[in-house]
Trainee: 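First the structure, then my questions, so here it is.
Sequence positions, counted from 1, serve as the residue numbers for this chain.
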Amino acid sequence: MENNLFLDAAFSKQTERPPVWMMRQAGRFMPQYWEIKNKYSFLEMCKTPEIAADVTMLPVDLLGIDAAILFSDILVTGEAMGGDLSFTQGVGPKFANPVRTEADIDALATDCLDKLQYVADAIKVIQQRLNGSIPLIGFAGAPFTVMSYLVEGGSSKDFKLTKLLIHNRPDLAHKLLAKIAKVTIDYLNLQIEAGVNALQLFDSWALALSWNDYQEFSHQYNTQIIAGLNRTNIPVISFCKGSSVFAPIMAEAKPDVVSIDWNADLLNIKKALPAGIAVQGNLDPHILYADQPVIKAQIHKLFERMRGENGFIFNLGHGIMPDIPFDNVKYAIEVVKAFKY
């Protein structure tokens, strides 16, 4: 591979500068994304390998990032299991058949890898286009986060139904989480077999959980998933909203990288983690709305704080917002790539 910066940093090797990629880097802040999106539904984009490859390649071609990430969605596993998934502009994802009862859970399939073959096909097309230039990151939604969408029927501000399930019927919650975990292991192994170079596990809504509930309803399943992967020289990144709180537990699942939200001092987190675990993050994405001198100063401040630390991947503390100016994102990446330790 021509650019090993990302993989070297993920395995805590020394790099001449931090590698850079950004969560949601192939998304709605790019006019070129909308040129594609206006022709197809979101799920059509995900399920058509050539289109998924086109979108995946946008930040590679336009931004010059150090790693590509597969264009897909964390909820494709829930759909493959039997969820009736749709995406509506301005509303987000919806499951028309939310999972609320034991019968609903029993109806979900776990032998459903054939329904996700389009992802493997997309990975092969993307790798042909990348041609060894930079690594490709595959990903999946973590079981708790996928469960929350299945139970709530979509996005939620308070996760009331999900929390009622884990507190009133923890047995059913565990039954559902175990099913999702099995599918997730199979799905990520499918991605490995198709040719991804790294993986990220997104537990987007872990911050809804207390410390104890995170351990019981999230951490143990994420641990199972990471342990169940057929991987050699393929790093795993663990991310959640709330990683600044949960990082010590996240590290126990044995990922190679813990991706940190923007609420914590990254060096303090790094020094508290076991040796050999890299960190990813953790610029507040809102900084990318600011004037360019501010963006440069904030990135340099983070880099000076992390000076001398191996195992540091530059990223945002969460995904790029849709209305962040494209030129600011491009500028931020140029600032990173111009930096030398």
Trainee: CG of Asn4 to NZ of Lys13: how many Å apart, nearest 0.5 Å?
Mentor: 7.5 Å
Trainee: Going by heavy atoms in the side chains, are Pro19 and Phe314 under 4.5 Å from each other?
Mentor: no
Trainee: Check this for me: Gln14, atom CD, are more than 12 non-hydrogen atoms of other residues, nucleotides or ligands nearer than 6.0 Å?
Mentor: no
Trainee: Got a salt bridge between Glu334 and Lys337, using NZ or NE/NH1/NH2 to carboxylate O under 4.0 Å?
Mentor: no
Trainee: Between atom CG of Leu177 and atom NZ of Lys182, what is the distance when rounded to the nearest 0.5 Å?
Mentor: 15.5 Å
Trainee: Answer yes if Tyr33 and Met57 sit in the same cluster of Ile, Leu, Val, Met, Phe, Trp and Tyr residues linked by side chain heavy atoms under 4.5 Å apart, and no otherwise.
Mentor: yes
Trainee: Side chains of residues 192-210: which donor-acceptor partners sit under 3.5 Å, not counting sequence neighbours?
Mentor:
from   : atom 1 : to     : atom 2 : distance (Å)
Asn197 : OD1    : Gln127 : NE2    : 3.0
Asn197 : OD1    : Leu136 : N      : 2.8
Gln200 : OE1    : Gln280 : NE2    : 3.2
Asp203 : OD1    : Thr145 : OG1    : 2.6
Asp203 : OD2    : Ser218 : OG     : 2.4
Asp203 : OD2    : Asn222 : ND2    : 3.4
Trp205 : NE1    : Tyr149 : OH     : 2.9
Ser210 : OG     : Asp213 : N      : 3.1
Ser210 : OG     : Asp213 : OD2    : 3.4

Trainee: If you measure from CG on Leu62 to CD on Gln32, what distance do you get to the nearest 0.5 Å?
Mentor: 4.5 Å
Trainee: Anything under 30° is parallel, anything over 60° is perpendicular, the rest tilted; go ahead and classify Phe217 against His174.
Mentor: parallel
Trainee: Does any N or O in the side chain of Ser243 come within less than 3.5 Å of the main-chain N or O of Asp261, such that one atom is a donor and the other an acceptor?
Mentor: yes
Trainee: Ignoring hydrogens, what is the shortest heavy-atom contact between Asn328 and Ala290? Give both atom names and the distance.
Mentor: ND2-O, 3.1 Å
Trainee: Taking side-chain hydrogen bond (donor to acceptor under 3.5 Å, both in side chains) as the cut-off, I'd like each qualifying pair that reaches into residues 64-80, sequence neighbours left out, listed once.
Mentor: Asn3-Asp66, Arg17-Asp66, Lys47-Glu79
Trainee: Over 60° means perpendicular and under 30° means parallel, so tell me whether Trp211 and Phe246 are parallel, tilted or perpendicular.
Mentor: tilted
Trainee: Is there a side-chain contact between Tyr118 and Val76 (heavy atoms, below 4.5 Å)?
Mentor: yes
Trainee: Give a yes or no on whether Asp106 atom CG has more than 12 heavy-atom contacts from other residues, nucleotides or ligands under 6.0 Å away.
Mentor: yes
Trainee: Looking at Lys157, I want to see if its NZ is surrounded by more than 12 non-hydrogen atoms of other residues, nucleotides or ligands under 6.0 Å.
Mentor: no
Trainee: In Å and rounded to the nearest 0.5 Å, what is the CG to CD1 distance from Leu58 to Ile65?
Mentor: 10.5 Å
Trainee: Please name the pair of heavy atoms, one in Cys240 and one in Met250, separated by the smallest distance, quoted to 0.1 Å.
Mentor: SG-SD, 3.7 Å
Trainee: Taking the side chain as every heavy atom from C-beta outward, state whether Pro143 and Ile225 have any pair of such atoms under 4.5 Å apart.
Mentor: yes
Trainee: State, yes or no, whether a side-chain contact exists between Phe312 and Leu302 at a heavy-atom distance under 4.5 Å.
Mentor: yes
Trainee: Check whether any side-chain heavy atom of Leu267 sits under 4.5 Å from a side-chain heavy atom of Lys271, and report yes or no.
Mentor: yes
Trainee: Taking atom OH as the centre, does Tyr40 end up with more than 12 heavy-atom neighbours from other residues, nucleotides or ligands that are less than 6.0 angstrom away?
Mentor: no
Trainee: What pairs with His300 under side chain to side chain contact (heavy atoms under 4.5 Å, CB included), at least two apart in sequence or on another chain?
Mentor: Lys296, Val335, Phe339
Trainee: Less than 4.5 Å apart, side chain to side chain, heavy atoms only: is that true for Gln25 and Leu316?
Mentor: no
Trainee: Using a cut-off of 6.0 Å, state whether more than 12 heavy atoms not belonging to Lys301 lie near its atom NZ.
Mentor: no
Trainee: Parallel, tilted or perpendicular: which describes the rings of Phe71 and Phe42, with under 30° parallel and over 60° perpendicular?
Mentor: perpendicular
Trainee: Do you reckon Ile234 sits in the same ILVMFWY cluster as Val258, going by side-chain contacts under 4.5 Å, direct or chained?
Mentor: yes
Trainee: Drop me the distance from His318's NE2 to Asn282's CG, to the nearest 0.5 angstrom.
Mentor: 13.5 Å
Trainee: Side chains of Tyr331 and Leu288: does their closest heavy-atom pair fall under 4.5 Å?
Mentor: no
Trainee: Minimum heavy-atom separation for Asp114 to Asp111, with atom names?
Mentor: OD1-O, 4.2 Å
Trainee: If Ile, Leu, Val, Met, Phe, Trp and Tyr residues are connected whenever their side-chain heavy atoms lie under 4.5 Å apart, and connections chain through other members, are Ile269 and Met306 in the same group?
Mentor: yes
Trainee: Is it the case that one hydrophobic cluster holds both Leu108 and Leu85, taking links as side-chain heavy atoms less than 4.5 Å apart, direct or via other members?
Mentor: yes
Trainee: Using the rule that Ile, Leu, Val, Met, Phe, Trp and Tyr join whenever any side-chain heavy atoms are under 4.5 Å apart, tell me whether Met22 and Leu5 fall into a single cluster.
Mentor: no
Trainee: So, Asn212 and Glu216: side-chain donor and acceptor under 3.5 Å apart, yes or no?
Mentor: no
Trainee: Heavy-atom distance under 4.5 Å between the side chains of Tyr289 and Ile324, does that happen here?
Mentor: yes
Trainee: Using modelled atom types only, decide if a donor and an acceptor are shared between the side chain of Lys94 and the backbone of Thr88 within a distance under 3.5 Å.
Mentor: no
Trainee: Could you tell me the separation between the CD1 atom of Ile137 and the CD1 atom of Ile123, rounded to the nearest 0.5 Å?
Mentor: 12.0 Å
Trainee: Is the distance between the ring centroids of Tyr214 and Phe144 under 6.0 Å?
Mentor: no
Trainee: Might you point out which heavy atoms bring Ala253 and Thr223 nearest each other, and give the distance in Å?
Mentor: CB-OG1, 3.4 Å
